[in-house]
Structure formats: C-alpha cells, structure tokens
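All remarks here apply to the structure that follows.
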Amino acid sequence: PWREEGTISCTTGRVGRSGSAVWVLTAAAAFRLAASYTIAAFLPIFYLRAQLPGYSPNGYATANAAIVTCTGLLSALVGGLAADYFSSSAVCAPCLIAAGAQVIAALLFFGVFRASTFNASLGFYGLALLVGECWYGLTLVQVKNIVAQDVQGRTVTVVLSVATIVSNI
C-alpha cells in the first residue's frame with residue numbers, strides 16, 4: 001500500500017516524488033512487452049527453420065499453448081507470493097524480484113536457441129517463462145505502491161496503456 005510522505009522507497013527516495021519512477025516502470029514494461037511480442041513472432045519461425053529432432057508444427061502449437069498458459073499462471077502466483085513475503089522488509093521487493101527474474105529468464109533463452117532437440121528447447125522455453133513471467137503483476141504492484149491511493153487506478157491504467165502502445169511501435 002501507499003506509504004506516508006517521507007517514507008523511504010527503494011525506487012524513488014521519497015513517495016512524494018514518484019512521477020519519474022512511474023515513467024521508468026512504464027518504459028521497463030514497454031520494453032518487456034516488446035520482447036514478449038518479438039519472441040512470440042520469432043519462435044515459430046526459428047523452430048520451422050531449425051528443424052530440430054522431434055519438431056512438428058502441430059506439436060509446437062500444442063506445447064506452446066500449454067507452456068504459455070501453465071507457466072505464465074504459475075509464475076504470476078509464485079512471483080506474487082515472493083513479493084508479498086519480502087515486501088515487509090523491502091518496499092521495492094516486487095521490482096527486485098521482477099528484475100532478477102528477467103536476467104535469469106534471458107539466460108535461459110540461450111538454452112532455447114542452443115538446444116539440440118525440440119523437447120530440450122521447449123524445456124528451456126518453459127523454464128524461461130516460469131521464471132520470467134512474474135514481471136507484469138509485480139511491476140503494477142510497484143506502481144501502485146509508489147503513488148497516492150486516490151490516483152492508483154488511473155496511474156495503473158496509464159502505465160498499461162502507454163506501455164502497450166509504445167511496445168507495439
């Protein structure tokens with residue numbers, strides 16, 4: 001929840017000066033959404049061209065749907081639980097968890113593109129999404145934490161809208 005004026009925030013120094021932090025979080029969300037769109041567009045082409053042993057278009061479509069659905073949900077739940085647990089000791093826990101998860105997920109994508117079989121590549125893909133997809137909710141929680149309660153709804157809406165528009169450019 002929103003902290004009183006003068007409460008120290010890991011992101012901004014003081015909650016009362018949270019505007020720049022909101023824009024940094026918006027830019028980060030836009031960048032991450034753009035990365036997701038790029039992977040979603042590129043991965044089917046990569047698999048088609050790589051012709052990894054075990055690959056089939058139907059197999060990819062089915063596996064991708066299952067992986068995205070299951071790991072996305074599980075990642076959001078685990079990320080949220082971790083943020084709730086660590087937020088009592090660090091106001092910026094949601095951002096730290098999301099940032100750390102993105103670094104680990106990016107490293108796991110090396111496995112996606114370097115694996116020698118289709119199933120191994122999908123395994124790395126599932127792990128990357130399991131680790132990395134917690135970012136969305138955690139970013140919005142951090143936005144909500146750094147602005148006054150009376151503008152939280154509008155601020156989150158603006159962050160979502162601007163990040164989505166910018167990431168589609």
Exercise. Taking only residues at least two apart or on different chains, which pairs with a member in residues 85-114 satisfy salt bridge (charged side-chain N to carboxylate O under 4.0 Å, His left out)?
Worked result: none
Exercise. Taking side chain as C-beta onward, heavy atoms only, is L140 less than 4.5 Å from L160?
Worked result: yes
For this session: Identify whether L77 and V131 are in the same connected component of the hydrophobic contact network (ILVMFWY, side-chain heavy atoms under 4.5 Å).
Result: no
Exercise. Which atom names give the shortest non-hydrogen contact between G132 and A105, and what distance separates them?
Worked result: CA-CB, 3.8 Å
For this session: Among residues two or more places apart or on two chains, list those pairs meeting salt bridge (charged side-chain N to carboxylate O under 4.0 Å, His left out) that have a residue in residues 30-39.
Result: R32-E133
Exercise. Is atom CZ of F110 surrounded by more than 12 heavy atoms (other residues, nucleotides or ligands) closer than 6.0 Å?
Worked result: no
Exercise. Should I165 and Y136 be counted in the same cluster of Ile, Leu, Val, Met, Phe, Trp and Tyr side chains packed under 4.5 Å apart?
Worked result: no
For this session: With sequence neighbours excluded, give me every salt bridge (charged side-chain N to carboxylate O under 4.0 Å, His left out) pair touching residues 92-112.
Result: none
Problem set entry | Non-neighbouring partners of Y37 that pass ring-ring contact (aromatic ring centres under 6.0 Å, His included), sequence neighbours left out | none
Problem set entry | Hydrophobic cluster identity match, F46 and L48, side-chain contacts under 4.5 Å | yes
Exercise. Can you list the steps and then say if F31 with T26 is a side-chain contact (heavy atoms from CB on, under 4.5 Å)?
Worked result: CA-CA 9 Å; F31 182 75; T26 303; over 6 Å; no
For this session: Taking all non-hydrogen atoms of both residues into account, name the closest pair between P94 and V141 and its distance.
Result: CG-CG1, 3.9 Å
For this session: List, by chain and then residue number, the residues other than L138 in its hydrophobic cluster (Ile/Leu/Val/Met/Phe/Trp/Tyr, side-chain heavy atoms under 4.5 Å); write none if there are no others.
Result: Y85, F86, I97
Exercise. Mind checking who shares a hydrophobic cluster with V78, ILVMFWY linked at side-chain heavy-atom distances under 4.5 Å?
Worked result: L74, L130
For this session: Quick one: name the residues clustered hydrophobically with I45, using the 4.5 Å side-chain heavy-atom rule over I, L, V, M, F, W, Y, and just say none if it's on its own.
Result: none
Exercise. Tell me, which pairs form a side-chain hydrogen bond (donor to acceptor under 3.5 Å, both in side chains) where one or both residues lie in residues 159-169, sequence neighbours left out?
Worked result: none
Exercise. How many angstroms lie between atom CG of L43 and atom OG1 of T38, to the nearest 0.5 angstrom?
Worked result: 11.5 Å
For this session: Please answer: with hydrophobic residues joined when any side-chain heavy atoms are less than 4.5 Å apart, are I104 and I39 in the same cluster?
Result: yes
Could you pull out every donor-acceptor pair under 3.5 Å between side chains of residues 117-124 and any protein atom, sequence neighbours left out?
from, atom 1, to, atom 2, distance (Å)
T117, OG1, A120, N, 3.2
S121, OG, Y47, OH, 2.6
S121, OG, V112, O, 2.7

For this session: Report whether V159 and V151 are members of the same hydrophobic cluster (ILVMFWY, side-chain heavy atoms less than 4.5 Å apart, transitive linking).
Result: yes
Exercise. Side chain to side chain contact (heavy atoms under 4.5 Å, CB included) with V68: which residues, sequence neighbours excluded?
Worked result: N64, Y125, L129
Seminar exercise, completed: Residues pairing under side-chain hydrogen bond (donor to acceptor under 3.5 Å, both in side chains) where one sits in residues 65-81, two or more places apart or in two chains, turn out to be none
Problem set entry | Heavy-atom pair of closest approach, residues Q142 and C95 | CG-SG, 3.1 Å
Only distances under 3.5 Å count here; give the side-chain donor-acceptor pairs of residues 53-63 to other protein atoms, sequence neighbours excluded, each with its distance to 0.1 Å.
from, atom 1, to, atom 2, distance (Å)
S56, OG, G59, N, 2.9
T62, OG1, N58, O, 3.0

Problem set entry | Separation of T155 OG1 from D150 CG (nearest 0.5 Å) | 8.5 Å
